[in-house]
Amino acid sequence: MIRCLLVAFLAATAFAQSNQIAIVVPYEGAARLVRYWAVGESQVDWQKDGLDAERCTTAFAATELKSFLERTAPKLQFRFVEKLPATGPAIVVGTAVREAGVHFADGQAYAIRSVKRDGRDVLYLTGGGRAGTLYAVYAFLEQLGWRWYAPGTNGEVAPAERAAIPLAGWDIQSAPDFPLFRGFHAAAESMESVQVFQWMARNRLNMWAYCPRSYHLMKKLGFVLLSGGHILEQVLDPDKPMASGKTLFEEHPDWFAEVNGKRERKNAYKYQFCVSNAEAAAYVARSVVEHLASDWRWTDYQNVWLFDTWAGWCQCPRCRALGNDADRYLHLMARIRREAAVAVASGKMPRDIGMALVAYEGTPSLGGPSREIPELLSSGKDFSLYAPINRCYAHTLESRECTELNEKYARTVSEWGRVSKRFPLAVVEYYNVSKFEDLPLLFSRTMGADFTFYHRIGVTGMSYMHIPMALWGPRALTQVLFARLSWDAHTPVEKIKDEYLRLYYGPASGEARTFYDKLEAAYANITAWRSWYQPSVNGVLRNWDGQKPTKPLFTLKHLPAEDGLAVGPEESLRLLDEAKAALDRAMRVETPIEVRLRLEEDARAFRYGDDSFRFYWALARLYEADRLGQTAGRDAAWRDLEATANSLVTYYVPFDFDAAGPHVNAKDGLARTQMRPLYEKLRARFGSKHD
């Protein structure tokens, strides 16, 4: 009897040991305190980024691992320990580089590696730094089948349940192709969402602007903060009241641009200030450093963008002697960097904050420098953020066919790429630029080639404007592709897309693919319709007074009346009809509730986009018929315009680009066409004739 009991006890003990997996978190007290550390980010001094920071992020990574493993293998038990047990299966979470036998050149790099210890396999989830450790955990969960395609539980795809967690045979190491940062610019810096930030970390994205309420959470998740924008409107306001009773311009007219031999107030915002004026440059440098030492001190990088003028630079001989537009900008940045270095050395600035200039048409500073990068800017701390705001998405950036739009961007970003080893280069793409107003646009046909091109020429940071905070719908694919390509620029896009459609839509994946493909093709020529490029349809229409036009609307080679370089309006309408039919078929498929919810969100996004495109097409037809004196065509176009406007005003599209949330000023669909004022003028002219 005693022998039987002993055998039974040993068998039960062996089963219990095999049924348990120890999660090793290598800090004293981990068995009791991991959960406490994991949520203790508000107690950490993230600017020091010391042991407390490492422990907090590592503990959080361990709790994430345990939570998802319990859902993956619900019959297993997982426990936290601080040291590797003598026996039994174990997973070590942390920067245990020596024990795992790996070497990292980047703190974001990670490894998933099995190592033999005392006759059993121990799995190490480790990184070059705390962010790398967090990424190792999520990468391992991805290997088990987890996917996070959109924020929140409905954006999550769970694998089938397992009886065991495989700990043997792992040997994966990975590092980011864009190590400077990978993330988003929000429409307003106060936009913040715990769900979005969690989704980003799970997809190894790590850049956002400083947000006071979410600062500690973002740092725990390994974020770098890039804040600010066009700061000269704040720093060098020509109407700023001075102690003398004068304005800044009245007191220092020589600080502002000389245009055609004169320095006039009317040009103060239209042209960049006189950067060759030592007193003006010193004033701007001191102002920037004062902000860096006070209200900007929490950020890691500060955008130091100049006036958003779309005009030019000061024309005085001294400014011209500095070189081209980029040379002048770099001259100013070097002056600010010198001021910052003094402030850091004196203790006025508690830490050295990086700064970004923007290579952008509106500054303007699109092309690369013609002279050497100033020595003060060669430390790698500061960088250039390249912004191809009016690029075409019907073609890849370096397509030889796109001479009208993309050729200049491919050429000028390559100019910056040639100096990127001395002055790092990042890119801000425009998958949701303000002119797009959250339309359901897709870019899978161009993103793969573009990311490969960016990586090849030396880009080390990737971002885009503006991350949607709601109504992702089919745009979830854009975010997924952005995340994957930002980590590995050579990831095969079609493979990612195939997996996404299969896992996200289940039995409806076939019809979902047709919907996605038709939708993307329909909007491929979006830049010719809606962009900051003046000859675009939006650009012409927003300057129309509503009276009989005299100039043709379609002037771009991409969108002439017939046979353009990209998809035309009639073809887009046909594709939208086919996309809608595929979506309707998908919604008739019997699917789990989570797939049904995704399709319903797709339908809401599609309706807004479809209404918007038909509104623009009716407006374009009315414009042309009115110009050509075609009364019947004009009247038919007005009826279509009014019908789509009446549909657009029946729903709101959340989170516009003027404020941080929906609140009382949320815009309806018609307002987000950016054509409401024009529509009201046309209604006054034509509406009474057809009411």
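- Contact check on Asp450 versus Arg391 returns a salt bridge, with a Lys/Arg side-chain nitrogen under 4.0 Å from an Asp/Glu carboxylate oxygen.
- Here the rule is side-chain contact (heavy atoms from CB on, under 4.5 Å) with Glu192, and of Arg213, Met218, Met469 only Arg213 fits it.
- The ring of Tyr431 has its center closer than 6.0 angstrom to the ring center of Tyr393.
- Other residues, nucleotides and ligands contribute over 12 non-hydrogen atoms within 6.0 Å of the CH2 atom of Trp296.
- You'll find the ring centres of His230 and Tyr360 inside the 6.0 Å limit.
- Taking 4.0 Å as the cut-off between side-chain N and carboxylate O, Arg607 and Asp611 count as a salt-bridged pair.
- For the residue pair Tyr210 and Gln302, no side-chain donor N or O sits within less than 3.5 Å of a side-chain acceptor on the partner.
- Ring centroids of Trp208 and Phe181 are separated by 6.0 Å or more, keeping the two rings apart.
- The pair Asp239-Arg265 meets the salt-bridge criterion, with a side-chain N (NZ, NE, NH1 or NH2) lying under 4.0 Å from an Asp/Glu carboxylate O.
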Stepwise side-chain hydrogen bond (donor to acceptor under 3.5 Å, both in side chains) test for Asn154 and Tyr149: CA-CA 9 Å; Asn154 203 57; Tyr149 287 138; over 6 Å; no
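- Using a 4.0 Å cut-off between a side-chain N of Lys or Arg and a carboxylate O of Asp or Glu, Arg588 and Glu511 do not qualify as a salt bridge.
- Taking the six-membered ring where the residue is Trp, the centroids of Tyr505 and Phe515 are separated by 6.0 Å or more.
- Looking at Arg574 and Glu578, a side-chain N of the basic residue comes within less than 4.0 Å of a carboxylate O on the acidic one, giving a salt bridge.
- A side-chain donor from one of Tyr616 and Asn538 sits under 3.5 Å from a side-chain acceptor of the other.
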side-chain contact (heavy atoms from CB on, under 4.5 Å) between Asn203 and Trp487, intermediate numbers included: CA-CA 9 Å; Asn203 287 276; Trp487 187 268; over 6 Å; no
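- Side-chain contact, Ser463 with His185: a donor N or O sits under 3.5 Å from an acceptor N or O.
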Verdict with reasoning, Asp300 to Lys219, per salt bridge (Lys or Arg N to Asp or Glu O under 4.0 Å): CA-CA 11 Å; Asp300 299 303; Lys219 297 307 289 186; 2.9 Å; yes
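- Asp635 has no carboxylate O lying under 4.0 Å from a charged side-chain N of Arg639, or vice versa, which leaves the two without a salt bridge.
- For Trp310 and Asp308, the side-chain atoms include at least one donor-acceptor pair closer than 3.5 Å.
- Checked for salt-bridge contact, Arg598 and Glu601 miss the test: no charged N lies under 4.0 Å from a carboxylate O.
- A donor-acceptor pair under 3.5 Å is formed between the side chain of Thr673 and the backbone N or O of Leu670.
- Atoms OG and CD, on Ser434 and Gln674 in that order, are 6.5 Å from each other to the nearest 0.5 Å.
- In this structure, Phe613 has its ring center closer than 6.0 angstrom to the ring center of Trp529.
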Derivation and outcome, side-chain contact (heavy atoms from CB on, under 4.5 Å), residues Leu471 and Arg604: CA-CA 8 Å; Leu471 197 64; Arg604 289 191 292 274; 4.0 Å; yes
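- For Lys408, the NZ atom counts as densely surrounded, since its 6.0 Å shell holds more than 12 non-hydrogen atoms of other residues, nucleotides or ligands.
- Salt-bridge annotation for Asp610 and Lys580: absent, with no side-chain N of the basic residue lying under 4.0 Å from a carboxylate O of the acidic one.
- Note: Tyr386 and Tyr454 fail the aromatic proximity criterion, with ring centroids not under 6.0 Å apart.
- Using a 4.0 Å cut-off between a side-chain N of Lys or Arg and a carboxylate O of Asp or Glu, Asp517 and Lys497 qualify as a salt bridge.
- For Tyr464 and Phe184, the distance between ring centers is under 6.0 angstrom.
- Using bins of under 30°, 30° to 60° and over 60° for the plane-to-plane angle, the ring pair Trp638/Phe686 lands in the tilted bin.
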